[in-house]
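These values consider heavy atoms only, across backbone and side chains, with no hydrogens, waters or symmetry-generated copies. A, B, ... follow the sequence lines: proteins, then strands. Residue 1 opens every chain. All values derive from a computational prediction rather than experimental measurement.
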Protein chains: 2
Amino acid sequence: MSREFRRAMPLLPISMVMKLTELSARQIRYYEEHKLIEPAKSEGNRRMFSLDDVDALLEIRDLLNQGINIAGVKKVFDMRKKSVVKSTNKVSISDAELRAILREEIQQAQIMEKVSLRNGDLPRHKDEI
Amino acid sequence: MSREFRRAMPLLPISMVMKLTELSARQIRYYEEHKLIEPAKSEGNRRMFSLDDVDALLEIRDLLNQGINIAGVKKVFDMRKKSVVKSTNKVSISDAELRAILREEIQQAQIMEKVSLRNGDLPRHKDEI
DNA sequence: AACATATGTTATTTTTCCTCACATAACATT
DNA sequence: AATGTTATGTGAGGAAAAATAACATATGTT
């Protein structure tokens, strides 16, 4: 399982995210409402957050603290998403790499089925976990 | 924050651990009762599991599936713990490393305070996260 | 002044998790 | 064969966490 995938896996309940980010539940839900994050939902409709979500929230917090508003944060995120796509598009990969990736995707699918959430979210940026 | 610490940080609710390990809540609590794992507890008395806990549970599952009983699993774990201690004892570290470790410990303490759980658990073995 | 933004607060309902107790299949022991 | 042990299932009852929704509000904007 790739590190990126692990970081994108929805695992944490909102209570943990609150502690890790020092944000209130209200804030976290508000940011979601404005599409800055898109946490997965459990069968029972509970939000489940990935480590990527936590990263995003920490960054949202910082940007807001810098006086940037929600719209600004969204812009920043959208720009990053685009640039990631652009930079990713260029790389060509070897056959072996491709096979490795496929193997991972398959495993991902299996785990995702087990974890069975209504929607995940895409990796945003990768630091250390 | 060190990888080991991150893996030892209690983050996941039992529902997620159930899905990741394919164990029932009953099984997970039973293994805890027998001291094979020691998940942290939230203020509200909910079990919170670390990635290390998940690793341990996966291994418990495998060992049990191999016909080994709980006592046997415990033995295996205890043996490993001892050998880890032994191998760790020998290494001597540089000043810089020591300072880096201390810095991390401090950050750990801060986060731990935020996460404020009644008890964590020690890293057991470290694979990839 | 009126409006918008970001967040707090509170009420209500639903979901998740806890403990405890009892049940039981598969093995082991007497 | 009867009894005990181990590992797990199941269900009741209760507590905690989280959801939605509505109203409140400080600060900044037009």
Side-chain angles (χ1 to χ4, degrees), chain A residues 10-50 53-54 56-77 115-119, chain B residues 10-49 53-54 56-77 114-119:
Chain A
L11 295 172
L12 329 199
I14 199 168
S15 54
M16 275 301 143
V17 177
M18 290 170 65
K19 282 167 185 157
L20 292 171
T21 62
E22 298 183 281
L23 293 167
S24 69
R26 182 68 161 94
Q27 288 174 300
I28 296 169
R29 295 194 196 107
Y30 185 73
Y31 305 151
E32 176 188 359
E33 195 181 333
H34 288 268
K35 304 282 165 68
L36 293 178
I37 54 171
E38 230 176 314
K41 297 284 196 90
S42 79
E43 321 238 328
N45 197 36
R46 262 144 157 88
R47 269 165 266 260
M48 299 301 311
F49 298 79
S50 67
D53 288 327
V54 173
L57 286 168
L58 287 171
E59 197 165 4
I60 293 166
R61 195 189 61 174
D62 289 352
L63 292 171
L64 290 178
N65 283 343
Q66 285 168 41
I68 297 165
N69 65 8
I70 298 273
V73 176
K74 197 174 332 190
K75 193 68 173 180
V76 170
F77 279 19
V115 180
S116 93
L117 296 156
R118 293 219 294 266
N119 62 77
Chain B
L11 296 171
L12 330 198
I14 199 168
S15 54
M16 276 301 143
V17 177
M18 289 171 66
K19 283 168 184 155
L20 292 171
T21 63
E22 299 183 282
L23 292 168
S24 68
R26 182 67 161 94
Q27 285 174 303
I28 295 169
R29 297 195 194 107
Y30 185 73
Y31 305 151
E32 176 188 359
E33 195 180 333
H34 288 269
K35 305 283 165 64
L36 293 178
I37 55 172
E38 229 176 314
K41 296 284 195 89
S42 79
E43 320 239 328
N45 197 36
R46 250 100 203 246
R47 270 165 266 259
M48 298 301 311
F49 299 79
D53 287 328
V54 173
L57 286 168
L58 287 171
E59 197 166 3
I60 293 166
R61 193 189 61 175
D62 289 352
L63 291 172
L64 289 179
N65 283 343
Q66 286 168 39
I68 297 165
N69 64 8
I70 298 273
V73 176
K74 198 176 326 191
K75 193 69 175 180
V76 170
F77 279 19
K114 287 191 185 97
V115 180
S116 95
L117 296 156
R118 291 219 295 267
N119 61 77

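Residue B:Ile70 contributes atom CD1, which lies 16 Å from atom P of D:dT5 at whole-angstrom precision. D:dA7 atom P lies 12 Å from atom CD1 of B:Ile60, rounded to whole Å. If you take CE of B:Met16 and C1' of C:dT16, they are 12 Å apart, rounded to a whole angstrom. Atom CE in A:Met48 sits roughly 11 Å away from atom C1' in D:dA18 (whole-Å rounding). Remark: P of D:dA22 and CD of A:Glu33 are 12 Å apart, rounded to the nearest angstrom. One can place CG of B:Asn69 at 17 Å from C1' of C:dA25, the figure rounded to the nearest angstrom. Taking atom CZ on A:Phe49 and atom P on D:dA17, their separation rounds to 16 Å, with Å as the unit. In this structure, A:Leu64 atom CG and D:dT27 atom P are separated by 17 Å, rounded to whole Å.
At a cut-off of 3.5 angstrom, the base of D:dA7 holds no donor-acceptor pair with the side chain of B:Arg26.
A sub-4.0 Å separation between OP1 or OP2 of C:dA6 and a side-chain N or O of A:Tyr30 is present. Not one side-chain nitrogen or oxygen of B:Arg46 sits closer than 4.0 Å to the OP1 or OP2 atom of C:dT16. Distances shown here put every side-chain N or O of A:Tyr31 at or beyond 4.0 Å from the OP1 or OP2 atom of C:dA6. Within the structure, a side-chain polar atom (N or O) of A:Arg47 is placed less than 4.0 Å from OP1 or OP2 of D:dA19. For A:Ser42, no side-chain nitrogen or oxygen approaches OP1 or OP2 of C:dT15 to under 4.0 Å. Between A:Lys41 and the phosphate of C:dT15, there is no side-chain N or O to OP1/OP2 separation shorter than 4.0 Å.
Base engagement by B:Arg29 is indicated by at least one non-hydrogen atom pair under 4.0 Å involving a base atom.
Which of C:dT16, D:dA19, D:dA18 sits closest to the side chain of A:Asn45 comes down to D:dA19.
Closest approach of B:Leu12 to A:Leu12, counting heavy atoms only: CD2-CD2, 4.0 Å.
Comparing the local axis fitted to the first five base pairs of the helix from C:dA1-D:dT30 to C:dT30-D:dA1 with the one fitted to its last five gives a bend of 20°, rounded to 10°.
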Using the side-chain contact (heavy atoms from CB on, under 4.5 Å) rule, take A:Arg61 and A:Gln27 through it: C-alpha gap first, then chi angles, then the decisive distance, then the call. CA-CA 10 Å; A:Arg61 195 189 61 174; A:Gln27 288 174 300; over 6 Å; no
